[in-house]
Structures are given as C-alpha cells and as structure tokens.
Amino acid sequence: MFHITSKLKGSTAVIATATMVLAPVFASASPLGSDPIRLVIPFGPGGGSDITARVLSATAPEFCGPRIDVVSMSGAAGLEAVNFVRSAPANGHTLLVSDYGPVVTSGFVDEVDWSHDDWQPVMNFTEWLPTVYTRPDHDIQTIEDWVAAAESDPGSITFGHANPLGLVHLPLILFEMETGLENIHVPTSGGGETRSLIMGGHIDLGMTLPASIASEVASGELTALGVFSEERSAVLPDTPTFREAGYDVVLPAWLMVIATSDVPAETVEFLQDCFMEALASPTAVAMSDRVNAGIEPMNSEDSTALYQATVTSIEGILRNIGEID
Amino acid sequence: MMLEAFVDALHLAFSPEVILYVAIGVFMGVTLGAIPGLSGDMAIAILLPIVFFLEPAAALGLLTGIYKGGMFGGSISAISFGVPGTPGSAATAIDGYQAKLKGYPNKALNTALYSSVIGDTTSDFVLIFLALPLAIVALTFGPVEFFALYAFSLLLISALTKGKVAKGVAMAALGILLAMIGRDPIGGSLRLTFGIPELAGGLALIPVLVGIFAVSELIIQLAKAWMERARRIVDDTKQQAQSLLGDYDASKDKLSFAEFRATMRATWIGTTMGTLIGALPGAGSSLAAFISYGLAQRFSRKPDEFGKGSLEGVAAAEAGNSATSGSTLIPLFAFGIPGSATAALFGAAFILMGMTPGPSLINDHTEVIYALFLILIYANIINLGLSHFLLPLYSKIAMIKSRILLPIVCVLAILGTFAAGNSVIDVWVLLFAGLLGVVLRIYNFPLAPLILGFIVAPGAERALRQSLLIGRGEWTHLLSSPIALGLYAVAAIMIFTFTIVMRERK
C-alpha cells in the first residue's frame with residue numbers, strides 16, 4: 001500500500017515538474033492555475049453545444065494557458081452538469097456551456113438551490129434562430145398559410161418539437177400567445193424524429209435550427225416557413241422572419257460560457273479576453289465554418305444583458321402558460 | 001452518386017487501418033466470447049467511447065469484428081465446457097458438449113464455425129439488400145405504426161420466452177417500469193424518482209445493460225469461486241476436460257466433407273430462422289437458436305441423435321444464433337429501433353458519431369454505411385480464417401482462473417460505464433442492476449424481456465402519447481392504420497401458434 005502511494009506521488013511529481021517546465025511564459029500574469037479548464041455541457045456528446053465547445057477547447061489553450069477539456073454530463077436532464085459547475089471551486093476552471101434551457105428555464109420550473117443571479121455569462125458563442133418548417137407538398141407553405149389554416153380550424157394543426165419548454169418549443173408558445181392561435185403540440189425525441197414525422201406526413205409543421213435543414217431547404221426537400229429572429233438567418237437567406245410577416249415574435253437561443261457569480265471579476269475578464277481572442281483566430285474561424293457552428297462571439301457585458309433579458313422574457317412566457325405562479 | 005459513394009466506401013473499408021481494426025475486433029470477440037460470462041456485447045459496451053478517438057469506419061470495424069467474433073466465440077466454451085459463453089450459444093451447448101464428451105470437440109467446433117459464418121454472411125446480405133427498400137417504407141411509420149410495432153415486439157418476446165410466459169411478461173413489465181423513472185417525455189413532470197434529483201434524467205441504458213448481463217454474471221461467478229474455495233472442491237468440469245485430453249486422439253477428430261454436407265440442411269434452417277427472427281425487434285439470438293434447433297430436429301433424418309452429440313444440432317443452433325447478426329440491424333437502419341442489445345449498442349455508437357440511426361442514416365452517411373456493409377461481409381472471412389487457425393488454442397482461454405479474470409473485468413465495467421456518461425450515478429445504477437440481475441438469475445427469470453422492455457418503453461410511450469395527441473384523444477386512432485392493424489394481427493397469430501407449439505413440445 002505504502003509502496004503504491006509513493007509510486008503515485010512520484011509520477012505526480014514528474015507530471016507537475018513537466019507541466020511547470022512546459023508552462024507558457026504568460027502564465028504568471030494569468031489569474032488561472034495550471035489545472036485544466038473544464039467546459040461542462042449539460043447535453044450528450046455530439047450535439048451543437050458539444051461541437052461548438054470543442055472549437056473553443058481546440059483553439060483557446062494557446063491564449064488562456066491551461067489545457068481545456070469538454071465534459072459532457074447529460075444526466076438528470078442537464079441539471080447534473082449545472083449542479084457540478086455550481087459546486088466546483090469558484091476559480092474559473094469549471095465553466096458551463098449551455099443554452100437557456102438548463103439554466104434559465106430550469107431555474108424557474110425545477111427544484112434547484114440556486115437563482116438566476118448566481119450565474120454570470122463569460123461570453124456568448126452564437127445565437128441560434130428557431131425556424132418553422134414543413135414538407136414541400138403540404139398545403140401550408142408560408143406563415144400566412146399557417147395563420148389562415150389555424151384560424152379556419154383551431155387546434156387542427158399538429159406541430160412537432162423536441163425538448164418541451166426548450167428552445168424549439170417556447171417560440172411556438174410565444175407565437176400562440178401573440179396571435180391567439182391554437183395548435184396541437186407533439187413533443188418528439190429530437191430533431192431527427194420531428195423530421196421523419198413531417199416527411200412521412202404524420203404531422204404538419206415542426207421547429208428546428210437553420211443549420212440542420214439548410215441543405216434540404218436549398219434542394220427543395222423541405223420548406224422553411226419563417227424564423228423567430230430580428231434578422232434573417234445567414235444559411236436560410238430566402239426565409240422571412242416572423243417579424244417581416246407582421247408578428248413581433250423574436251426568441252433566439254444563445255449558447256453561452258457561464259461561470260458562477262462568485263468567480264472573481266478579473267478571472268471572468270481574463271477568460272472573456274482569451275476566449276474571444278482564440279475564437280477570432282484563423283484556425284477557430286475555419287473550424288467554425290467547417291462544423292457550421294456560426295460562431296460570432298459576444299463579450300461578457302453584452303452577454304450578461306442578453307442573459308438578463310432572456311430571464312425576463314422566459315419568466316413572462318412561463319407565467320403566462322401557468323408553469324410558474 | 002451511388003457508384004461514387006460505393007467507390008469511396010471501398011476505400012474506407014479496405015484501408016489497412018480499418019482491416020487491422022476488424023481483425024483485432026474479431027480476435028477480441030472470439031477471445032471474450034469464449035470466456036463464460038464475458039460476451040462481445042459487453043466488450044462493445046466497454047469500448048463504446050472509442051468512437052471518439054477513431055474514424056467512423058475504423059470504430060465500426062472494431063465493433064463489428066468484436067460482435068461477429070463474440071457471436072462465434074460463445075460456442076467455444078459451450079462446446080468445450082458445456083457453459084454457454086454467451087446467451088445466444090445456450091442451444092449450441094446441448095449437442096456441442098455431448099459431442100465433446102464423446103471425444104470429438106474439434107468436429108463440433110468446426111461445424112459451429114462453418115454454420116456460424118454461413119448464417120452470418122447470409123444475414124448480412126439480407127441487411128444490405130433489404131435495408132434500402134425498408135428505409136423507404138420506413139417513412140410511412142408514424143406514431144401509430146411505431147406503437148403497434150413496439151407492442152408487437154414486446155408481446156412476441158415476453159410471450160415466447162421458452163414457455164415461461166408469465167415470467168416473461170412480468171420481466172417486460174419490470175423493464176418498462178424501470179424505463180419510466182425520470183422525466184415524463186410529454187409533460188416533463190418527474191416520475192418514480194422518490195425525491196432523488198439525480199434520477200430526474202432516468203436510468204441510462206449502458207449501466208442497466210452492463211449491470212443486468214455482465215455484473216450479475218460476475219457476482220455469481222465470484223460467489224461460486226468463493227464457495228468452491230471454501231469447500232476445497234476441484235471443479236469437475238475441469239477434471240473432465242483434463243481426463244479427456246489424456247486419451248484424446250486428434251487424428252480421428254477431423255470434420256470430413258461428408259459430415260459437413262450432412263449438416264447443411266440444419267445450417268440453412270438455422271440461417272433462415274435466424275435471419276427472420278433477427279429482423280424482429282427484440283426476438284434475439286437465443287430465441288432464434290432454440291427455434292432453429294427445434295425445427296432442425298423435426299426436419300432431420302436422424303432426429304434421435306439430437307441431444308446426444310448431433311453435429312446437425314450444433315449447426316442449426318449456431319447458424320440460428322449467428323444469422324441474427326446482420327438482420328438485427330435492419331430495424332435499427334430502417335426504423336431507428338434497436339432490435340437487440342447489440343443493435344442498441346451500435347445505435348449508441350452511431351449517435352456518438354453524430355449519425356442518427358433510422359431511415360435517414362443511409363442517405364445522410366452513405367459512404368460510412370456502405371463501408372460498414374463491406375466490413376460486415378469481410379469480417380466473416382476474417383472470422384473464418386482467424387478462428388480456424390486459433391480454434392485449438394482458444395478452448396484453453398476459458399481455463400484462466402476466475403480470481404485473476406474477474407477483478408480485471410469488474411474494474412473495466414465500472415470504468416467503462418463511468419466514462420460513458422461521466423456520472424457517478426451511472427456506476428451506482430450499474431451495481432444495483434447487477435444485484436437485480438443476480439436475484440433474477442437465481443429465480444430463473446428471463447433477462448431478455450426485461451432489457452427489451454427497458455429499451456422499448458420510452459419509444460412506445462412516446463408513440464402512444466403522440467398518437468393520442470394527433471388523434472385528439474381518440475383511442476380508435478391507434479387502429480387507423482393498415483400497417484398497425486396488420487402488426488396486431490400477426491402478433492396475435494404468432495402468439496397463438498407458438499403457444500400451441502410450445503405445449504406440444506412439452
């Protein structure tokens with residue numbers, strides 16, 4: 001037993017020495033230690049958040065100092081990841097990469113021991129624009145067709161979406177609140193199932209993110225009706241926004257790097273600077289293009305304003321549909 | 001476009017790296033399959049995270065090799081020691097072990113190898129040439145049809161479990177119950193979590209799978225080893241094996257061509273039944289092996305030799321077992337339904353590589369899937385060559401002392417499960433599933449319906465509730481589709497017929 005311990009100590013010492021020798025010169029100016037930074041994602045591996053976080057983990061070590069690992073924790077519908085980051089030491093080495101679902105929505109609807117003020121955004125990667133789509137031989141081909149059909153026979157149109165109360169469902173709820181229209185909401189296991197059901201003629205409409213249907217829309221296999229955003233999506237240039245059609249429904253979903261609010265301000269600032277520098281590098285830009293991540297970094301201050309605006313708007317929606325009182 | 005994809009797939013499948021991974025996989029599969037308690041499925045479960053480190057074709061090649069190797073490897077310990085190395089080789093043990101006791105293990109092993117490869121290869125061709133048309137048909141499957149399909153598979157497997165219908169149905173229900181832990185898929189409310197927040201996401205498949213099948217087996221074997229040690233009893237199987245080697249005449253134990261030809265009828269019965277049953281979600285390889293064995297006995301010219309070391313019995317069981325290997329992927333490719341534990345693991349591998357199992361898989365990832373098809377075929381040839389060369393050596397691996405083997409395997413199982421979800425909860429689930437498996441094994445409950453229920457329940461519940469949402473709460477909407485009606489009818493007929501067949505056989 002003692003033998004094993006001393007062996008372990010020996011190897012740790014070797015690794016520690018090696019790390020010190022190899023440590024970049026600027027490490028002295030950094031508020032970070034030499035331990036790796038963990039980007040914890042509250043979803044399974046392979047999804048949009050994972051891929052986007054990997055662009056950062058591959059490019060940022062050069063600018064930030066320590067190695068960066070992406071850790072996927074999809075347990076307890078993402079809350080395991082959120083709680084893990086929450087209980088980690090507040091030194092900026094454990095960060096959450098998430099959309100608003102597991103932080104903002106969960107903070108309202110789940111039993112959690114934190115509030116929305118316990119989090120502070122470090123930076124925002126991108127804004128995902130929820131998009132309504134259908135098959136090209138469906139009667140409904142435009143936002144106007146949808147509204148007309150829903151008005152003539154309320155509650156007849158079936159609408160598929162993944163993640164109830166998530167980023168491809170809340171815009172539908174918001175749209176119904178604005179217009180008073182009724183649709184049948186059909187939760188699915190994910191974007192793939194929504195698409196199969198639409199293509200097979202089992203449901204009428206569905207919601208997804210532009211990157212996942214862009215090639216099918218271009219080839220005419222799917223029709224995109226409209227985008228819930230201020231401006232049109234870069235990958236769906238011919239698809240109008242709901243605002244253009246006269247409905248002021250805008251609910252983009254951000255993907256942020258989030259720290260707990262007890263991480264020192266100088267650490268957050270350092271992380272923001274080195275992350276944004278890394279994402280502006282030619283390697284990161286090329287990677288982002290290849291995986292279609294659409295990364296457009298936003299600094300901590302702007303991200304915080306966006307975060308707070310989202311908390312307010314989602315609280316309004318959830319209160320309106322009776323999820324919270 | 002198709003031809004282009006095929007040429008790309010050729011490059012992928014026959015790159016030296018991929019061939020090497022397939023060969024390593026076959027080697028590992030045969031080795032692990034030959035060790036009682038370890039199966040190819042378990043190795044695939046442990047090695048699943050490898051998809052992050054390898055190119056898709058190489059990763060799929062490795063997993064395919066393990067799968068095919070393990071499928072045959074199970075028969076090595078079934079024949080050598082009468083202990084099925086895998087659940088699928090349980091039927092092989094009946095005649096295989098008798099053949100070995102009569103002094104011709106090599107004949108039985110070679111019969112098993114040839115029938116296994118014939119069954120497997122045929123099944124792969126069925127997958128390749130029927131998966132594409134099936135993928136087009138698949139789009140007609142909506143919530144109504146899917147619910148019928150899930151209900152069909154659940155009824156079929158739980159009602160056909162070797163005559164233990166009540167236990168089978170109970171296990172399927174338990175599997176469904178376990179799968180309901182966590183968030184309700186439609187409303188999002190929490191169910192059966194008993195206030196434990198970590199259970200909100202439900203139980204993960206891998207720890208349940210590895211726990212029920214592998215950890216329970218390890219615990220039981222560990223307990224056996226301890227008891228034997230305390231009593232200072234020498235294992236009699238070991239003694240038998242050693243005494244046999246004493247007067248074993250290898251020159252008389254060679255499979256002649258006439259003997260091989262005599263087993264062909266049984267091999268083709270096994271191949272046909274295995275391929276058909278393999279394509280049914282949840283039917284599984286042990287069911288296919290037993291049904292093939294039973295049918296081969298009925299159609300044999302020497303039915304009386306069955307149970308006494310008949311090579312036909314070995315051939316039918318092993319062909320039936322292995323012929324499920326290709327066709328079990330058909331529901332996964334066509335519908336995204338894992339038709340077996342193995343298919344579930346392949347499905348997980350696809351998802352981890354960012355490929356969604358289901359109708360769009362072939363269209364979205366044509367090259368990789370074509371490469372997988374090629375690998376499926378040539379892995380059989382590698383299996384044939386490698387196993388033929390190594391057969392005499394492998395029977396010895398099963399003799400590795402369990403006190404050396406078991407601790408290593410336990411550590412691997414825990415590490416593999418933890419790595420899959422980075423969750424300590426998963427490790428607890430693994431251990432609890434292992435204990436549950438021990439209890440169920442002791443009381444002779446079939447494990448397959450439990451696993452099938454667990455795998456199928458979330459999809460079945462979603463399909464049911466989606467159907468009711470789309471049909472505005474009318475239950476008759478479930479009968480609105482001809483496909484669904486057909487599935488319910490076939491299920492009813494099959495259960496009726498097989499119940500009668502089972503009764504007659506008693």
Side-chain angles (χ1 to χ4, degrees), chain A residues 38 40-42 44-48 50-51 69-81 83-84 105-106 109-113 135 155-156 158-160 163-166 169 184-193 195-204 212 215-216 221 291 323, chain B residues 49 51-52 138-146 182-190 193 195-204 335-336 348 350-361 363-364 420-426 429 458-459 462-463 465-472 481:
Chain A
R38 279 177 294 194
V40 184
I41 58 167
D50 185 23
I51 290 166
D69 296 330
V70 179
V71 183
S72 163
M73 287 189 190
S74 59
L79 282 180
E80 201 176 307
N83 291 332
F84 179 81
T105 313
S106 286
V109 299
D110 291 309
E111 274 183 40
V112 291
D113 56 5
R135 55 188 176 276
S156 66
T158 47
F159 196 108
N163 309 332
L165 301 183
H169 186 209
I184 299 175
H185 299 203
V186 183
T188 67
S189 63
E193 191 185 38
R195 194 155 122 186
S196 303
L197 293 181
I198 287 174
M199 291 174 85
H202 304 285
I203 57 174
D204 299 305
S212 57
S215 64
E216 283 80 3
E221 288 166 66
V291 300
E323 281 288 332
Chain B
V51 298
F52 291 130
L139 277 184
T140 64
F141 268 68
V144 172
E145 292 81 5
F146 268 122
R183 220 168 272 275
D184 145 27
I186 303 292
S189 50
L190 292 178
T193 57
I196 303 167
E198 286 81 4
L199 288 179
L203 306 180
F335 310 124
F350 286 136
I351 292 169
L352 292 180
M353 293 186 293
M355 299 156 66
T356 312
S360 55
L361 188 60
N363 291 329
D364 293 352
N422 280 309
S423 164
V424 183
I425 301 303
D426 283 355
V429 172
R462 210 173 54 246
R465 294 179 62 182
Q466 285 172 342
S467 304
L468 292 175
L469 280 169
I470 294 169
R472 303 193 198 190
S481 140

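Chain identifiers are assigned alphabetically (A, B, ...) following the order of the sequence lines, protein sequences preceding nucleic acid strands; residue numbering begins at 1 within each chain.
For the residue pair B:P143 and A:L197, the shortest heavy atom distance occurs at CD-CD2, 3.5 Å.
Within the 4.5 angstrom heavy-atom criterion, no atom of B:P458 approaches chain A. Neither the backbone nor the side chain of B:R465 comes within contact range of chain A; no heavy atoms are under 4.5 Å apart.
Of the listed residues (A:I203, A:N83, A:D110, A:L165), the greatest number of heavy-atom pairs within a distance under 4.5 Å of chain B belongs to A:D110.
Taken from CG in B:D426 to CD in A:E80, the straight-line distance is 7.0 Å, to the nearest 0.5 Å. Note: B:L468 CG to A:I184 CD1 = 11.5 Å, rounded to the nearest 0.5 Å.
Inter-residue side-chain proximity for B:L469 and A:T158 is flagged as unmet; no heavy-atom pair is nearer than 4.5 Å. Considering only heavy atoms from C-beta on, B:R462 stays 4.5 Å or farther from A:P187 through its side chain.
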